[in-house]
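Here the structure is a predicted model, which means the values were calculated and not measured. In listed order, ligands and their atoms are each counted from 1.
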Amino acid sequence: MKIAFIGLGNMGHPMAKNIIKAGYEVYVYDRKPGLAEELVKLGATESLSLGQTVDNADVVCTSLPGPAEVEEIVTGSGGLLQHMKSGSVFIDFSTNSPILIRELAILCEEKSIAMLDAPVSGGVNGAKSRKLGILVGGPREVFDTYKPLLDAVGEGVIYAGGIGNGTVCKLVHNCMSASFNTVLGEGFALGVKAGVDPETLWRAVCQSSLGRGNGIHVGFPGSVLTGEFTQRPGLPWFFALNLMSKDVTLAMDMARSLDVPMSIGAIAEQELNEGVARGWGSENCFKVVVLQEERVGVTIRAQDFEL
Ligand code: NAD
């Protein structure tokens, strides 16, 4: 099976290397010269043009900076649509736009080329050690056929549904991750201003519910995904909404007394106040998620979900 890999940057280089190590016949290309040397020593072939790299490839993989570069490579003059053969597969590992991905998938389909979006998570170290999470969207049968190739790139391959869904997962994750970083900054600034040294605060957080991952690994899925907000024996994690509301109000009172702006804390306080006003005080604090479900018109439930 001939694999073409385009984009040998911080991520693409180690990903291509792992595909070579898995025994595939790999052709590599980057517009920046000099990046392929080590890969060629390991057995890859470097072509001087995109067209040469892609001609006759069974699978074309890209790891490019973003939507502009991917669109250009696919639709531009001398690009993938002009060179890829009918029956081949295009796998985009870049973090891209789901709107563009779905548009490109239609153009690919017109040429009988299948497409998977497969953004990765885990950084350069994850790429080097093959520990990447790979979030894949596209036709199930294409995913199943090329799963061994995806496994060569990262051990955490997840099928996310139709084309673009891998990217939806990736963007939701990165948005939550960045928001959480903002939450950490906000909270730590409050704690330090209130007189605790940062290292002690760090250790305190690590020993507490958040640092132990109770919310993300147990509380949210055990409550929101199952729709079980009422306390019952055996529920894996429960903290009453009215107690959480009281604690957040105490924290916000402390912030107000110290003139510390808390934009995200203020949103949490407001959501919890509304939860209490709705009469949900004795239910699990994750019940506030229902407020957002109502605004958006969705329910976040997984059928027959078990932790
Ligand atoms: P990078 O800038 O290091 O690599 C991109 C490569 O694409 C470069 O070598 C560049 O020369 C090449 N390139 C750009 N346009 C090209 C073209 N027209 N033809 C051929 N080559 C071209 O970026 P990266 O850090 O490797 O990231 C790649 C993708 O992976 C991005 O979408 C990024 O968001 C995503 N990602 C990165 C990380 C990370 O930690 N770096 C983690 C997860 C996901």
Side-chain angles (χ1 to χ4, degrees), residues 3-20 26-40 44-55 57 59-84 90-104 107 115-138 149-150 152-158 160 163-178 180-181:
I3 314 287
F5 201 106
I6 300 152
L8 307 173
N10 293 320
M11 297 298 285
H13 189 281
M15 289 161 69
K17 190 169 165 180
N18 283 329
I19 295 176
I20 298 163
V26 183
Y27 291 68
V28 292
Y29 175 75
D30 194 293
R31 68 178 171 190
K32 198 167 148 194
L35 295 179
E37 252 172 54
E38 187 194 354
L39 302 176
V40 169
T45 305
E46 183 182 19
S47 305
L48 294 176
S49 75
L50 176 67
Q52 268 182 352
T53 315
V54 168
D55 277 337
V59 182
V60 175
C61 304
T62 46
S63 175
L64 297 167
E69 291 81 4
V70 177
E71 184 170 24
E72 170 66 22
I73 282 263
V74 178
T75 64
S77 160
L80 300 191
L81 287 175
Q82 284 170 18
H83 282 276
M84 283 180 71
F90 169 40
I91 303 178
D92 183 21
F93 288 113
S94 323
T95 303
N96 200 341
S97 143
I99 298 167
L100 177 66
I101 283 162
R102 288 168 182 155
E103 287 168 2
L104 294 180
L107 297 177
M115 181 173 174
L116 298 174
D117 63 308
V120 301
S121 189
V124 175
N125 286 340
K128 286 183 178 164
S129 58
R130 208 183 63 79
K131 291 218 173 339
L132 289 176
I134 310 184
L135 318 167
V136 190
L149 174 63
L150 298 165
V153 177
E155 60 183 20
V157 178
I158 301 263
I163 188 74
N165 279 15
T167 302
V168 171
C169 292
K170 169 75 183 173
L171 296 182
V172 166
H173 170 270
N174 276 23
C175 188
M176 291 194 300
S177 175
F180 188 66
N181 294 346

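Residues Thr53 and Ala4 share a closest heavy-atom pair of O-CB, 3.5 Å. What you find for Ala16 and Val28 is that their closest heavy atoms are CB-CG1, 4.4 Å.
Among Glu72, Met11, Arg31, His13, the residue whose heavy atom lies nearest to atom 27 (O) of ligand 1 is Met11. The closest heavy-atom contact to atom 13 (N) of ligand 1, among the options Leu8, Asn174, Leu64, comes from Leu64.
For Ser121, the heavy-atom gap to ligand 1 stays at 4.0 angstrom or more. Residue contact annotation: Lys170 has a non-hydrogen atom under 4.0 Å from ligand 1. Distances shorter than 4.0 angstrom occur between a heavy atom of Glu69 and an atom of ligand 1.
Residue Tyr29 places no N or O, backbone or side chain, under 3.5 Å from any N or O of ligand 1. The shortest N or O to N or O distance between Ser94 and ligand 1 is not under 3.5 Å. For ligand 1, the polar-atom distance check against Gly66 finds no nitrogen or oxygen pair separated by under 3.5 Å. Of the polar atoms of Ile6, none of the N or O atoms is found under 3.5 Å from an N or O of ligand 1, judged by distance alone. The shortest N or O to N or O distance between Val120 and ligand 1 is not under 3.5 Å. Polar contact with ligand 1: present for Asn10 (N/O pair, distance under 3.5 Å).
When the side-chain contact (heavy atoms from CB on, under 4.5 Å) test is applied to Ala127, the partners found at least two apart in sequence or on another chain are Met11, Pro14, Met15, Leu132. Legend: residues meeting side-chain contact (heavy atoms from CB on, under 4.5 Å) with Glu103, ordered by chain and number and at least two apart, are Ile99, Leu100.
For atom 35 (C) of ligand 1, the nearest protein heavy atom (residue, atom name, distance) is Thr95 OG1, 3.5 Å. At the shortest separation from atom 12 (C) of ligand 1 among protein heavy atoms lies Asp30 OD2, 3.2 Å.
At a 4.0 Å heavy-atom cut-off, ligand 1 touches Leu35 through the side chain alone. Within the 4.0 Å heavy-atom criterion, neither part of Leu50 lies near ligand 1.
When distances from atom 23 (O) of ligand 1 to the protein are checked, no heavy atom turns up under 4.0 Å.
Using modelled atom types and a 3.5 Å distance limit, the side chains of Asn96 and Ser94 yield no donor-acceptor pair.
No side-chain donor-acceptor contact under 3.5 Å links Ser177 to the backbone of His173.
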